[in-house]
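Each remark here refers to the structure printed beneath this line.
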Amino acid sequence: MFDVSSPPAVAHHRPPLVPHVEDIQSGYEHVLHEERFVRGTPVRLFTFPGGNMDASRTVVCLPGLGASGRSFAPMGPLADALRLLLWTPPLRTPATHTPLQWNLAVLNHDEARLPERFALVGSSYGSLLSIAYTLAHPERVKALVLVSPVASVRRIRRLALTLSTLVRSPRPLAYVFAPTVARVLGGPHLPPEGRAEFVREARRLSSMELLRRLRDVLAADFMHRLHEIRVPTLIIQGGRDLLVPTYAARDVAEHIPGARMEVLREASHLPYMSHSQSFNTFVGDFLLRHAV
């Protein structure tokens, strides 16, 4: 069992509702930043200082729509036992591909410098990418963790998904819309620093790229292929998720052979940010059993 207790809280000034895009929030600034060029595209990658470097324990974490790998910073307690690579999809994708197609190609390219086999943790849009990658390259995936899983647009609330693009509103509208969207997606238990970090990173992404990723989600339907996934799979779902209902996550679990599902009752769409201790316990125990 992992010791995932959090360090004592330190008093900080309350973060701004709409921080500057370079104003990294407290609790998210300690991860190390690396940039890799894959197929000519810069990819931001974050790791934990002093973290595990054993390639056989690699876990690639894929964030949600508009987020960066830095949003997985609360997974830090797992970094001693697992080699966590907090991956950020490129900020721009070429017009020749959809963002989903391009990210699949980038992840599987030699220049990504990923080991031959690794585990995947995908949240929301990242779960869609994780599902697509596992179906396309099953030989490379050891284990799969799907957080707030998106496998078919028919199983999610389209209005809430569309409203999530409001984090990109121009100022001063951003002061109205962005914090509200962050609160809706993160739920009442997401700390102010987490909400501010969510808003900050989403505003790095261009409106066009955000809309292109949204189209990927709206076009997605992998439900009929989920039975092809044959790797150990854990689904983590927030009981108060307003974007992906619990019944939709359970539907995904029931379509993947042998999948296990855990519901964090008080969490919303970002349980690894709002309920990191419970999240890390479930995910750490699962990955130690199936991914090392």
Side-chain angles (χ1 to χ4, degrees), residues 41 62-68 71 87-107 120-136 144 146-170 173-174 177-178 180-187 198-199 201-229 235-238 240-256 268-270:
T41 302
L62 303 173
L65 191 74
S68 79
S71 65
W87 187 273
T88 304
L91 291 174
R92 293 179 181 83
T93 51
T96 54
H97 297 68
T98 68
L100 183 63
Q101 291 169 340
W102 186 250
N103 278 289
L104 287 175
V106 165
L107 270 173
L120 279 172
V121 174
S123 171
S124 193
Y125 182 80
S127 74
L128 177 66
L129 179 55
S130 297
I131 289 170
Y133 188 89
T134 302
L135 289 170
L144 189 59
L146 303 175
V147 187
S148 309
V150 176
S152 171
V153 72
R154 293 178 295 171
R155 276 21 180 229
I156 62 176
R157 296 185 173 110
R158 297 191 187 203
L159 178 59
L161 180 64
T162 304
L163 287 176
S164 68
T165 62
L166 292 176
V167 294
R168 288 289 304 131
S169 301
L173 291 178
F177 293 124
T180 301
V181 172
R183 180 174 287 276
V184 168
L185 293 183
F198 172 84
V199 171
E201 188 60 38
R203 292 182 62 76
R204 291 177 62 98
L205 202 63
S206 72
S207 298
M208 180 57 69
E209 183 67 20
L210 192 61
L211 289 172
R212 293 186 73 218
R213 293 185 189 184
L214 179 61
R215 291 192 194 107
D216 272 347
V217 177
L218 294 175
D221 192 357
F222 286 105
M223 293 299 295
H224 66 291
R225 294 194 60 197
L226 293 181
H227 69 278
E228 299 174 29
I229 295 177
I235 292 174
I236 301 287
Q237 174 66 21
R240 295 188 173 187
D241 193 335
L242 298 179
L243 178 57
V244 179
T246 300
Y247 71 80
R250 198 173 305 281
D251 200 15
V252 172
E254 290 173 352
H255 279 75
I256 298 176
S268 187
H269 195 62
L270 306 170

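For Asn103 (side chain) and Pro89 (main-chain N/O), no donor-acceptor pair under 3.5 Å exists by modelled atom type. Between the side chain of Arg212 and the backbone N or O of Thr93, at least one donor-acceptor pair lies under 3.5 Å. Distance alone, capped at 3.5 Å, places no donor-acceptor pair between the Ser148 side chain and the Val244 backbone. Thr98 places a side-chain N or O within donor-acceptor distance of the main-chain N or O of Gln101, the cut-off being under 3.5 Å. Proximity of a side-chain donor or acceptor of Ser268 to a complementary backbone N or O of Arg240 within less than 3.5 Å is detected.
Here the side chains of Pro99 and Arg215 are not in contact, with every heavy-atom distance at 4.5 Å or above. Between Leu128 and Phe222, some side-chain heavy-atom pair lies under the 4.5 Å cut-off. Looking at Thr246 and Asp241, their side chains never come closer than 4.5 Å, going by heavy atoms from C-beta outward. The shortest side-chain heavy-atom distance between Tyr125 and Val150 does not fall under the 4.5 Å cut-off.
Rounding to the nearest 0.5 angstrom, the gap separating the CD1 atom in Ile131 from the CE atom in Met223 is 8.5 Å. To the nearest 0.5 Å, atom CG of residue Leu144 and atom OH of residue Tyr133 are 12.0 Å apart. Between Leu135 atom CG and Ile229 atom CD1 the span is 4.5 Å, to the nearest 0.5 Å. The line from OG of Ser130 to CG of Leu62 is 4.5 Å long, rounded to the nearest 0.5 Å. Distance CG/Leu210 to CG/Leu91: 11.5 Å, rounded to 0.5 Å. In this structure, Leu146 CG and Thr134 OG1 are separated by 7.5 Å, a value rounded to the nearest 0.5 Å.
The two residues Ile236 and Pro149 come nearest to each other via the heavy atoms O-CD, 4.4 Å. The minimum heavy-atom distance linking Arg213 with Gly66 is given by the pair NH1-N, 3.9 Å. Closest approach of Ala67 to Thr88, counting heavy atoms only: O-CG2, 4.3 Å.
Not counting sequence neighbours, Arg92 has no partner by the side chain to side chain donor-acceptor pair (under 3.5 Å) test. Taking the side chain to side chain donor-acceptor pair (under 3.5 Å) definition, one finds that Thr41 meets it with Trp102, sequence neighbours left out. Remark: Glu254 pairs with no residue by the side chain to side chain donor-acceptor pair (under 3.5 Å) rule, at least two apart or across chains.
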